[in-house]
Student: 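Take this structure first; my questions come after.
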Amino acid sequence: MNFFRLQDAGISLSKMRKFNSGDGGDGHKHGLCVSTSPDRFGGAEGAYGSDRPGEVVVLKGTKVAEIYDGYRIRPTEIVARFSWATWQAMLADGTAWDYEDWN
């Protein structure tokens with residue numbers, strides 16, 4: 001299964017593995033909060049723009065817990081990275097959905 005995360009650009013897989021996301025609505029368990037949908041990022045969309053470049057990271061990982069809009073995972077692999085602007089264009093033309101993988 002692929003997971004999706006909107007975050008600051010350039011964060012390494014090693015740093016993502018060590019990071020514990022703040023509010024996943026689950027009592028702050030360990031792990032990285034992610035979405036299972038290419039177009040839902042728990043409200044983080046408003047935090048990124050020209051003054052703060054974000055990126056969408058498509059990840060594989062082990063589920064830790066279910067949260068209100070996705071999961072907490074322990075990331076194991078980066079599948080792809082896209083700038084937030086590129087991802088928005090990919091959502092508009094439908095190619096972002098090519099990264100949905102339920103296997």
Side-chain angles (χ1 to χ4, degrees):
M1 170 184 274
N2 284 343
F3 300 99
F4 304 88
R5 180 168 172 82
L6 174 58
Q7 64 183 20
D8 290 342
I11 298 173
S12 69
L13 180 60
S14 175
K15 286 185 179 180
M16 284 186 258
R17 286 179 174 154
K18 295 175 186 171
F19 185 76
N20 293 314
S21 295
D23 183 14
D26 62 349
H28 303 283
K29 294 180 181 178
H30 296 286
L32 192 67
C33 289
V34 296
S35 174
T36 56
S37 178
D39 65 348
R40 289 192 209 120
F41 297 103
E45 299 90 340
Y48 295 97
S50 60
D51 59 329
R52 184 178 177 196
E55 72 177 359
V56 172
V57 182
V58 183
L59 301 158
K60 296 225 181 265
T62 305
K63 293 178 191 174
V64 173
E66 189 168 351
I67 59 173
Y68 65 95
D69 64 348
Y71 291 93
R72 281 187 185 274
I73 66 166
R74 288 188 182 91
T76 58
E77 176 186 345
I78 295 174
V79 174
R81 292 178 183 258
F82 300 94
S83 73
W84 179 225
T86 298
W87 192 254
Q88 289 174 309
M90 290 171 68
L91 285 170
D93 72 14
T95 56
W97 298 94
D98 294 343
Y99 285 89
E100 254 191 337
D101 174 15
W102 290 97
N103 295 319

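Everything numeric here is computed off the predicted structure, so don't read it as measured data.
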Student: Let me confirm one number: the CG-CG distance from D98 to D93, rounded to the nearest 0.5 Å.
Tutor: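 Reported value, rounded in 0.5 Å steps: 8.5 Å.
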
Student: Evaluate the side-chain proximity of T36 to Y71: yes if any heavy-atom separation is below 4.5 Å, no if none is.
Tutor: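 Contact flag for Y71/T36 side chains = yes.
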
Student: Looking at Q7, H30, R5, which hits side-chain contact (heavy atoms from CB on, under 4.5 Å) with S21?
Tutor: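 Filter result, single survivor: R5.
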
Student: Is there a side-chain contact between K63 and M1 (heavy atoms, below 4.5 Å)?
Tutor: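 K63 reaches M1 side chain to side chain.
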
Student: Would the distance check show the side chain of S35 and the main-chain N or O of R40 forming a donor-acceptor pair, the cut-off being under 3.5 Å?
Tutor: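 Yes, S35 side chain to R40 backbone: donor-acceptor pair under 3.5 Å.
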
Student: Is the side chain of R17 donor-acceptor paired with the backbone N or O of P75 at a distance under 3.5 Å, no angle test?
Tutor: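 Such a contact is found between R17 side chain and P75 backbone.
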
Student: Nearest 0.5 Å please: distance from the CD atom of E100 over to the CG atom of D39.
Tutor: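 Here the rounded value is 8.5 Å.
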
Student: Considering non-hydrogen atoms only, spot the tightest contact between G61 and I73 and give its length.
Tutor: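 That would be CA-CD1, 4.1 Å.
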
Student: Any non-hydrogen side-chain atom of M16 less than 4.5 Å from a side-chain atom of I78?
Tutor: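 Yes - at least one pair of side-chain heavy atoms lies under 4.5 Å apart.
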
Student: Using modelled atom types only, decide if a donor and an acceptor are shared between the side chain of D8 and the backbone of G54 within a distance under 3.5 Å.
Tutor: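 Pair absent, no side-chain N/O of D8 close to backbone of G54.
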
Student: Hey, mind stepping through W97 and L91 against side chain to side chain contact (heavy atoms under 4.5 Å, CB included) and telling me if it holds?
Tutor: CA-CA 7 Å; W97 298 94; L91 285 170; 4.1 Å; yes

Student: Would a 4.5 Å heavy-atom cut-off, applied to side chains only, mark L59 and E77 as touching?
Tutor: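 Side chain of L59 against side chain of E77, heavy atoms only: no contact under 4.5 Å found.
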
Student: Check whether any side-chain heavy atom of V57 lies under 4.5 Å from a side-chain heavy atom of E55, and answer yes or no.
Tutor: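 Answer yes - side chains close enough.
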
Student: Measuring from atom CG of L32 to atom CG of N20, what distance do you get when rounded to the nearest 0.5 angstrom?
Tutor: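 Here the interatomic distance stands at 9.0 Å.
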
Student: Could you state the interatomic distance from CD1 (I11) to CZ (R81), rounded to the nearest 0.5 Å?
Tutor: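 The distance works out to 8.0 Å.
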
Student: Rounded to the nearest 0.5 Å, what's the gap from SG on C33 to CZ on F3? Could you check?
Tutor: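 Result: 12.0 Å between the selected atoms.
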
Student: Which heavy-atom pair separates K60 from V79 by the least distance, and what is that distance?
Tutor: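 Heavy atoms only, the tightest pair is CG-CG2, 3.7 Å.
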
Student: Do the side chains of L6 and W84 get nearer than 4.5 Å, heavy atoms only?
Tutor: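 Touching, per the 4.5 Å side-chain cut-off.
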
Student: For the pair W87 and Y99, name the ring-plane relationship: parallel under 30°, tilted 30 to 60°, perpendicular over 60°.
Tutor: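 Aromatic pair W87/Y99 classed tilted.
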
